[in-house]
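Accompanying notes for the structure given below.
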Amino acid sequence: MTIAVLGTGIMGSALARNWLRAGRAVRVWNRTASRAKPLADDGAVVCGTPAEAVAGVDTVVTMLFDAEAVAGAIIDAAPAPGTLWVQTSTVGVAGAQRLAALAAERDLVFVDAPVVGTRQPAEQGTLTVLASGPDEVRGRVEALCGPIAARVRWLGAAGTGSRLKLVLNSWLGNAVAATGQALALADGLGVQPRLFLELIEGGPLDMAYAHLKGGAMLAGEYPTAFPLNGAAKNMALVVAAAGDAGVDASLTAAARDLFAAAADGGHAEADMAAVYEAIRVR
């Protein structure tokens with residue numbers, strides 16, 4: 001199996017390195033070429049165009065910012081008919097439908113497979129893959145994901161993975177924003193914010209992510225595990241999907257606006273914990 005990875009940011013680079021460590025042949029491309037070049041030291045073939053990356057491969061993996069970027073890369077790449085396309089980006093409901101239609105137009109075997117996890121699990125090969133697509137390629141996809149994932153959940157028809165990913169994104173984004181709100185409220189009321197984290201620790205209200213992201217918020221340091229602009233994009237996808245489904249999304253919309261405000265405030269490439277910068281007491 002030869003794999004072409006289109007998109008080598010934080011997540012795509014980690015995927016490519018884990019496949020290389022597992023002995024797979026990997027070709028990579030990224031719009032910003034400097035982000036792909038370091039993978040040559042790991043054994044990847046770094047390509048100048050998407051078309052060059054997919055030439056002769058049997059599997060294409062996309063890990064790009066949004067559906068627009070993914071569609072553009074696949075159109076430019078023009079993989080051969082019958083190529084397996086595993087789409088791992090978070091693109092939302094409408095985005096997944098658009099990409100499935102593109103795959104059908106070009107006779108590609110489309111698997112909608114967004115991943116759950118950020119930098120550390122991606123680097124450790126312990127992501128969860130929410131795979132959905134034709135049953136006849138399930139075995140190939142599970143074998144492909146072996147070096148990058150601790151779990152592969154096969155969910156049925158293509159698009160199911162993207163819908164479930166939005167459910168998880170809703171919970172995660174709201175939880176991070178709520179952690180920032182609690183810490184900021186403690187500060188505003190003259191209570192040591194760290195007491196909040198201490199009081200929930202080990203009890204029914206505890207949550208590992210509150211300590212992980214809350215610690216970054218209190219330190220004012222946001223090394224990027226998952227970028228804030230990506231979180232803002234994901235929350236916008238949740239709001240759009242909820243609206244189409246007739247579900248009230250006012251809570252998620254408020255969190256989306258906080259992520260967007262923090263990104264606009266100069267923290268777009270920082271970790272999503274930097275949403276605190278849109279909430280905290282000045």
Side-chain angles (χ1 to χ4, degrees), residues 4-15 29-31 50 54 59-77 79 83-106 108-118 122 127-134 137 141 144-145 148-149 152-173 226-245 247 249 252-253 255-256 259-260 263 268 272:
V5 179
L6 306 183
T8 58
I10 291 172
M11 300 296 287
S13 291
L15 300 183
W29 167 84
N30 195 72
R31 181 173 285 106
V54 308
T59 304
V60 176
V61 176
T62 47
M63 177 57 88
L64 293 153
F65 185 74
D66 56 17
E68 188 69 26
V70 173
I74 289 294
I75 290 169
D76 290 345
T83 299
L84 175 62
W85 172 18
V86 180
Q87 203 309 101
T88 64
S89 316
T90 301
V91 296
V93 175
Q97 293 170 343
R98 174 186 177 188
L99 298 177
L102 177 63
E105 289 172 7
R106 292 170 180 260
L108 305 176
V109 181
F110 180 69
V111 176
D112 172 48
V115 300
V116 180
T118 56
L127 295 166
T128 295
V129 179
L130 306 178
S132 54
V137 296
V141 172
L144 172 73
C145 294
I148 67 166
V152 180
R153 291 296 305 270
W154 193 261
L155 299 166
T160 311
S162 281
R163 294 196 297 275
L164 183 57
K165 179 66 188 296
L166 292 185
V167 175
L168 294 169
N169 283 146
S170 172
W171 176 81
L172 174 61
F226 188 81
L228 184 62
N229 60 353
K233 178 264 296 184
N234 289 350
M235 295 299 270
L237 291 174
V238 173
V239 172
D244 290 341
V247 176
T252 303
R256 172 205 60 194
F259 282 113
M272 65 186 297

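Being a predicted model, the structure only gives us computed values, none of them experimental.
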Whether S13 side chain and T8 backbone form a donor-acceptor pair below 3.5 Å: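 Yes, the answer is positive, given that a donor and an acceptor are paired below the 3.5 Å cut-off.
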Flag, side chain of S132 to backbone of L155, donor-acceptor distance under 3.5 Å: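 No.
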Looking only at non-hydrogen atoms, find the nearest pair between [X] and [Y] and report the distance.
{"X": "D112", "Y": "A96", "answer": "OD1-CB, 4.2 Å"}
{"X": "N169", "Y": "M235", "answer": "O-SD, 3.6 Å"}
{"X": "P114", "Y": "S89", "answer": "CB-O, 3.8 Å"}
{"X": "L127", "Y": "V116", "answer": "CD2-O, 3.5 Å"}

Please round to the nearest 0.5 Å and tell me the distance separating atom [atom1] of [X] and atom [atom2] of [Y].
{"X": "M63", "Y": "I148", "atom1": "CE", "atom2": "CD1", "value": "7.5 Å"}
{"X": "I74", "Y": "L99", "atom1": "CD1", "atom2": "CG", "value": "8.5 Å"}
{"X": "T62", "Y": "L6", "atom1": "OG1", "atom2": "CG", "value": "6.5 Å"}
{"X": "T160", "Y": "K165", "atom1": "OG1", "atom2": "NZ", "value": "15.0 Å"}
{"X": "R106", "Y": "T83", "atom1": "CZ", "atom2": "OG1", "value": "12.0 Å"}
{"X": "S170", "Y": "L237", "atom1": "OG", "atom2": "CG", "value": "12.0 Å"}

Residue pair V54 / W29, side-chain heavy-atom distance below 4.5 Å: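 With C-beta onward as the side chain, the pair stays apart.
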Test item: L172 and F226 side chains (from C-beta on) under 4.5 Å apart, heavy atoms: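 L172 vs F226: side chains apart.
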Neighbour count >12 (heavy atoms, 6.0 Å) for atom CZ, R98: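 More than 12 within 6.0 Å, yes.
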Candidates L108, V60, V61, T59 - the one meeting side-chain contact (heavy atoms from CB on, under 4.5 Å) with L84: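 It is T59, the one option of L108, V60, V61, T59 that forms the side-chain contact (heavy atoms from CB on, under 4.5 Å) with L84.
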Set of ring-ring contact (aromatic ring centres under 6.0 Å, His included) partners for F110, sequence neighbours left out: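 F110 satisfies ring-ring contact (aromatic ring centres under 6.0 Å, His included) with W85 once adjacent residues are dropped.
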